[in-house]
K.L.:
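Below is one structure. I have some questions about it.
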Amino acid sequence: MALIQKRIYTEEDYYNSPEDIRMELIEGQIYYQAAPSRVHQTILMELSATIRDYIRSKKGTCKVYPAPFAVNLSSDNEKNIVEPDISVICDHNKLTNRGCSGAPDWIIEIVSPGNPSHDFIYKLNLYAKYGVREYWIVDPRSQTVLVYYLEQKDFFVKTYTFQDKIKVNIYEEFWIDFKELAL
């Protein structure tokens with residue numbers, strides 16, 4: 001008896017989907033995303049603005065993109081296109097009309113209650129595999145922030161709360177004080 005074959009989706013399937021459907025492509029599988037909550041969007045807005053303001057104040061060249069923003073983690077693998085909540089890209093050669101082709105320098109995901117394992121397991125492993133330098137998981141339910149920082153081939157992790165001032169590792173002097181955010 002033959003086994004049922006699971007369909008493997010590609011970049012072409014992702015880009016041919018309707019624009020009003022939010023989804024990600026991870027290891028050839030489609031994952032649909034529900035509309036984010038108000039709390040999720042508040043955190044997204046506050047963090048995006050804080051990061052953008054810091055980069056501008058330092059006359060930096062990195063770019064900040066909030067979701068929805070397509071990130072193809074590897075230009076030679078068309079089975080992984082994610083839409084991180086926040087992407088910071090410092091290599092402008094990775095930017096395309098479709099989004100980003102290659103690993104961003106820094107990704108922030110804000111945990112949705114419906115699929116926390118998506119951010120804590122799937123995306124963590126995917127981002128480590130493709131060389132994302134820094135990955136933050138912001139969890140509004142527990143008011144914690146897990147900061148993963150890639151050194152060579154290993155992610156190091158530190159845990160913080162919404163009461164902490166957190167060092168952004170890809171910058172020398174950048175700290176985000178969660179107490180000062182309007183959350």
Side-chain angles (χ1 to χ4, degrees), residues 8-17 19 21-31 33 36 40-41 43-111 118-138 145-157 166-176:
I8 302 297
Y9 294 89
T10 66
E11 180 178 14
E12 182 178 341
D13 297 310
Y14 175 86
Y15 285 115
N16 286 330
S17 68
E19 285 187 24
I21 295 178
R22 291 197 57 220
M23 63 183 206
E24 294 181 305
L25 178 64
I26 299 178
E27 298 299 331
Q29 296 303 300
I30 298 287
Y31 293 89
Q33 299 175 307
H40 182 282
Q41 292 303 91
I43 294 169
L44 174 76
M45 194 64 206
E46 289 293 316
L47 286 173
S48 294
T50 300
I51 296 164
R52 184 209 56 218
D53 291 349
Y54 174 82
I55 292 169
R56 281 185 180 170
S57 74
K58 299 296 182 183
K59 298 188 182 2
T61 60
C62 297
K63 299 290 183 186
V64 182
Y65 295 96
F69 181 74
V71 174
N72 183 342
L73 290 165
S74 173
S75 58
D76 60 353
N77 180 339
E78 55 180 43
K79 294 187 302 183
N80 290 303
I81 300 175
V82 293
E83 291 186 4
D85 289 311
I86 301 172
S87 301
V88 177
I89 297 120
C90 300
D91 180 351
H92 292 216
N93 292 321
K94 292 181 179 180
L95 296 172
T96 71
N97 287 336
R98 289 185 155 176
C100 178
S101 181
D105 294 272
W106 180 19
I107 288 177
I108 298 174
E109 295 285 6
I110 302 160
V111 177
H118 203 65
D119 297 323
F120 287 107
I121 299 169
Y122 297 127
K123 287 187 174 180
L124 171 63
N125 289 315
L126 204 59
Y127 296 159
K129 177 180 178 180
Y130 288 103
V132 172
R133 292 173 47 207
E134 188 159 352
Y135 174 42
W136 289 23
I137 302 174
V138 179
V145 181
L146 295 175
V147 175
Y148 292 87
Y149 183 65
L150 184 65
E151 284 188 17
Q152 295 164 10
K153 292 276 183 191
D154 296 318
F155 260 142
F156 294 95
V157 64
I166 303 173
K167 170 82 170 82
V168 177
N169 293 290
I170 66 166
Y171 291 102
E172 293 213 11
E173 302 171 354
F174 186 18
W175 295 78
I176 296 178

K.L.:
In terms of relative ring orientation, are Trp106 and Tyr171 parallel, tilted or perpendicular, with 30° and 60° separating the classes?
P.N.:
perpendicular
K.L.:
Output yes when a side-chain donor or acceptor of Asp85 lies under 3.5 Å from a complementary backbone atom of Ile110, and no otherwise.
P.N.:
yes
K.L.:
Is the OH atom of Tyr122 crowded by more than 12 outside heavy atoms at less than 6.0 Å?
P.N.:
no
K.L.:
For a quick test of reading the model, state the closest non-hydrogen atom pair linking Glu27 to Lys129 and the distance between them.
P.N.:
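Answer, listing the atom of Glu27 first, then Lys129: OE2-NZ, 3.7 Å.
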K.L.:
Can you name the salt bridge (Lys or Arg N to Asp or Glu O under 4.0 Å) partners of Glu173, sequence neighbours left out?
P.N.:
Lys58
K.L.:
Answer yes if the side chains of His118 and Gln33 hold a donor-acceptor pair under 3.5 Å, and no otherwise.
P.N.:
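Looking only at side-chain atoms, Gln33 and His118 do not form any donor-acceptor pair under 3.5 Å.
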K.L.:
Looking only at atom types and distance, does a side-chain atom of Lys94 sit under 3.5 Å from a main-chain N or O of Ala103, one as donor and one as acceptor?
P.N.:
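Judged by distance alone, yes, a pair lies under 3.5 Å.
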K.L.:
Atom CD1 in Ile81, atom CG in Leu73: separation rounded to 0.5 Å?
P.N.:
9.0 Å
K.L.:
Given side chains that start at C-beta, do those of Leu95 and Tyr65 come closer than 4.5 Å, heavy atoms only?
P.N.:
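Yes; the side chains approach each other to less than 4.5 Å.
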K.L.:
Who are the salt bridge (Lys or Arg N to Asp or Glu O under 4.0 Å) partners of Arg133, not counting sequence neighbours?
P.N.:
Asp105
K.L.:
Does any N or O in the side chain of Asp53 come within less than 3.5 Å of the main-chain N or O of Thr50, such that one atom is a donor and the other an acceptor?
P.N.:
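It does not hold such a pair.
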K.L.:
Please check this pair: side chain of Glu83 against backbone of Glu24, looking for a donor-acceptor N/O pair closer than 3.5 Å.
P.N.:
no
K.L.:
Once you round to the nearest 0.5 Å, how far does OG1 of Thr61 lie from CD1 of Ile89?
P.N.:
12.0 Å
K.L.:
For the residue pair Tyr127 and Tyr148, is the inter-centroid distance of their aromatic rings smaller than 6.0 Å?
P.N.:
no
K.L.:
Does any N or O in the side chain of Glu109 come within less than 3.5 Å of the main-chain N or O of Asp119, such that one atom is a donor and the other an acceptor?
P.N.:
no
K.L.:
Is the backbone of Tyr14 close enough, under 3.5 Å, to the side chain of Ser17 for a donor and an acceptor to pair up by distance?
P.N.:
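Such a contact is found between Ser17 side chain and Tyr14 backbone.
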